[in-house]
Amino acid sequence: MSSTLLLVLKIYFVIFASMIGSFLNVVIYRVPLGQNIVFPRSKCPNCSFQLSWFLNIPVLSFLFLKGRCYKCKQKISFQYPLVEFLCAGAGYFFFPNDFQVESIVSSFFYFATFCVFLCHLFIDIKHRLLPDSLNIFLLLVFLAFSIWRFGWVHSTLGGMVGFLMPLSITWLFYKLRGQIGLGGGDIKLFGILGLFLGVKGIIYNIFLSCWIGAIVGGSLILFKRMKKSESLAFGPYIILAASVQMFFPSQFQKFVEYVMGRY
Ligand SMILES: [Zn+2]
């Protein structure tokens, strides 16, 4: 395949990815509220003005409207263009380098994973919730891809450790302190990630997400942005850790070797 054609396809895919980002904004807004994600058309949350197609162009509409509603001039959240832009970036980053079946399937898997991670991240920060519907979608994608790529043994063991280790830690914490540490959504997410990451990978993930959580939580308390008694949504740390492991595997490997003192 010629390199020009590849470039044209890549540009189309980046545009398509930004439109997926626009759809993810709908998912992020509506799924936690239990609303339908297809109907009705998007409208301004302030004045309910329905957005026509030219007010719904990813990133560009936001810039053209200078971040305000076309009708009531209420400020539009910066989250909308940010999600669209990140998705376009992911479209560029994950576009296959060749048209072998393996590359195309991998590209689809990584892009779909990125999309769910993005939704989980924004929904958990705002609602302290990792919706089951998104976890079920992620489970199906991870199950199919991980078994195809790594086989049954890797996936089953990783999934079991990913589910049972956080579950038993949470249970122990509850017995000792009478507090619920991790939410059910967090434990399910660990289990799903274990399918792909395997036993070693999911143990790294659990430690790394606790680390990130401790650093972020500690700094928030230090800078008095949060009280000690408050608890944070844990999903974002799991997702950040998993993103480093999955999207930057060689850098993560170097990091692990460095930490283990084998660098
Ligand atoms: Zn409005």
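For ligands, and for the atoms within them, numbers begin at 1 and follow the listed sequence.
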Requested in this report: Please say whether the positively charged group of Lys10, taken as NZ for Lys or CZ for Arg, lies over the ring of Tyr92, i.e. under 6.0 angstrom from the six-membered ring centre and within 45 degrees of the axis.
Outcome: yes
**Report entry** Ring centroid separation Tyr258 to Phe255 under 6.0 Å
**Finding:** no
Query - Atoms of protein origin (N, O or S) under 2.8 Å from the Zn ion (ligand 1) - result: Cys44 SG, Cys47 SG, Cys69 SG, Cys72 SG
Query raised in the report: How does the hydrophobic cluster around Phe173 look, that is, which other residues are in it when side-chain heavy atoms under 4.5 Å mark a link?
Result: none
Report task. Give me the other members of the hydrophobic cluster that Leu172 sits in, counting Ile, Leu, Val, Met, Phe, Trp and Tyr linked by side-chain heavy atoms under 4.5 Å, directly or via other members. Result -> Trp171, Leu176
Report task. Could you tell me whether the side chain of Glu84 and the main chain of Val59 form a donor-acceptor pair under 3.5 Å? Result -> yes
Show me the donor-acceptor pairs within less than 3.5 Å that the side chains of residues 205-218 make with the rest of the protein, sequence neighbours left out.
{"from": "Asn205", "atom 1": "ND2", "to": "Gln245", "atom 2": "OE1", "distance (Å)": "2.9"}
{"from": "Ser209", "atom 1": "OG", "to": "Asn205", "atom 2": "O", "distance (Å)": "2.7"}
{"from": "Ser209", "atom 1": "OG", "to": "Ile206", "atom 2": "O", "distance (Å)": "3.1"}

